[in-house]
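Structure first, commentary second.
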Amino acid sequence: APAIGRASRCAWVTAAAVLAAQTCAPTENGQPTEKPTTAVQIVEYAAFKVVGVELADAELKPYLITYAWAALCPKMPLLKHQTQPHLLYGLWYKKPGAEKHSYLVGVEVTQFEDVPVGMVTCAVPASKFARTTHRGRIGNLPYTYRVVTEWMKETGAVHNDAPTFEVHDTRQPITDEYEVLVHEPIK
């Protein structure tokens with residue numbers, strides 16, 4: 001990718017880290033004052049691979065996720081075999097034998113060769129997902145996840161063991177209407 005492309009992505013990752021730190025979003029009766037989600041859809045994805053920076057046991061210290069995004073920025077130019085460098089993934093997953101979920105921020109790749117030192121891989125199996133679009137403040141992202149979870153309860157959808165993930169498209173302008181695709185794996 002040309003230098004300007006890498007610089008733009010790094011600027012976006014830095015902006016995402018700042019946005020992620022703004023966890024206090026306006027609420028009324030515990031609900032966001034904005035409408036941060038769209039209707040839930042069922043989608044299917046083929047298996048894919050992600051390489052990136054991991055925060056192990058992230059559910060114990062989710063406030064550190066911001067720093068995982070920031071740590072990815074200088075490593076972006078080192079990632080080979082990227083499929084769509086403008087799409088950044090945030091994956092929640094459990095490593096074999098782990099008790100707590102880890103969080104990986106990275107990009108999709110075609111293969112797990114030439115992985116830079118200090119970066120990790122995650123293979124996401126082919127699966128169905130309950131998907132919705134989060135719109136607006138990143139601080140309202142937990143509300144969007146609750147919307148998907150409630151939809152799953154209402155429809156009888158059952159969670160499977162694939163990672164839960166977010167997709168951030170860095171081509172969009174960073175505004176109050178910024179969109180993130182949220183995916184919960186289902187059977």
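Source: prediction; values computed, not measured. Basis for what follows: all heavy atoms, side chains included, without hydrogens, waters or symmetry-related copies. Heads up: numbering here begins at 1 and tracks the sequence.
R135 contributes atom CZ, which lies 10.0 Å from atom OG1 of T144 (distance to the nearest 0.5 angstrom).
Residues passing the side chain to side chain contact (heavy atoms under 4.5 Å, CB included) test with E154: none are found, sequence neighbours excluded.
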Determine all donor-acceptor pairs shorter than 3.5 Å in which one atom belongs to a side chain in residues 39-51; sequence neighbours excluded.
{"from": "Q41", "atom 1": "OE1", "to": "R131", "atom 2": "NH2", "distance (Å)": "2.9"}
{"from": "Y45", "atom 1": "OH", "to": "R131", "atom 2": "NH1", "distance (Å)": "3.3"}
{"from": "Y45", "atom 1": "OH", "to": "H183", "atom 2": "NE2", "distance (Å)": "2.9"}

Cut-off 3.5 Å, no hydrogens considered: what does the side-chain donor-acceptor table look like for residues 160-167, sequence neighbours left out?
{"from": "N160", "atom 1": "OD1", "to": "A162", "atom 2": "N", "distance (Å)": "2.8"}
{"from": "N160", "atom 1": "ND2", "to": "S127", "atom 2": "OG", "distance (Å)": "2.8"}
{"from": "N160", "atom 1": "ND2", "to": "I186", "atom 2": "O", "distance (Å)": "3.0"}
{"from": "T164", "atom 1": "OG1", "to": "E184", "atom 2": "OE1", "distance (Å)": "2.9"}
{"from": "E166", "atom 1": "OE1", "to": "Y103", "atom 2": "OH", "distance (Å)": "3.0"}
{"from": "E166", "atom 1": "OE1", "to": "H168", "atom 2": "NE2", "distance (Å)": "3.2"}
{"from": "E166", "atom 1": "OE2", "to": "Y145", "atom 2": "OH", "distance (Å)": "2.8"}

With a 3.5 Å cut-off and sequence neighbours excluded, list the donor-acceptor pairs that the side chains of residues 106-121 form with protein atoms.
{"from": "E108", "atom 1": "OE1", "to": "Y89", "atom 2": "OH", "distance (Å)": "3.2"}
{"from": "Q111", "atom 1": "NE2", "to": "H81", "atom 2": "ND1", "distance (Å)": "3.0"}
{"from": "D114", "atom 1": "OD2", "to": "H81", "atom 2": "NE2", "distance (Å)": "3.2"}

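Residues Y63 and K61 meet the side-chain proximity criterion, which asks for heavy atoms closer than 4.5 Å.
Contact detail for L91 and C122: the closest heavy-atom pair is CD2-SG, 3.7 Å. R137 approaches H134 most closely through the heavy-atom pair O-NE2, 2.8 Å. G52 approaches L72 most closely through the heavy-atom pair CA-CD1, 4.4 Å. Taking both residues in full, the closest heavy atoms of P142 and I138 are given as CD-O, 4.2 Å, listed atom of the first, atom of the second, then distance. Nearest approach of W69 to G90, heavy atoms of both residues: CZ2-CA, 4.4 Å.
Within the structure, every pair that satisfies the salt bridge (charged side-chain N to carboxylate O under 4.0 Å, His left out) test and touches residues 73-98, not counting sequence neighbours, is listed here: E54-K95.
Linking Ile, Leu, Val, Met, Phe, Trp and Tyr residues whenever their side-chain heavy atoms come within less than 4.5 Å places M76 and L55 in a single cluster. Residues I174 and L88 are members of one and the same hydrophobic cluster, defined by side-chain heavy-atom contacts under 4.5 angstrom among Ile, Leu, Val, Met, Phe, Trp and Tyr. Hydrophobic clustering places I65 together with V105 (ILVMFWY residues linked when any side-chain heavy atoms are closer than 4.5 Å, directly or through intermediates). L87 and L141 fall into different hydrophobic clusters, where Ile, Leu, Val, Met, Phe, Trp and Tyr residues are linked whenever their side-chain heavy atoms come under 4.5 Å apart, directly or through other members.
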Given the rule in the side chain to side chain contact (heavy atoms under 4.5 Å, CB included) test, do F129 and V124 qualify, once you have shown the distances and angles that lead to the verdict?
-> CA-CA 12 Å; F129 293 88; V124 178; 4.2 Å; yes
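Distance alone, capped at 3.5 Å, is enough to place a donor-acceptor pair between the Q172 side chain and the D169 backbone.
Chaining together hydrophobic side chains whose heavy atoms lie under 4.5 Å apart leaves V158 on its own.
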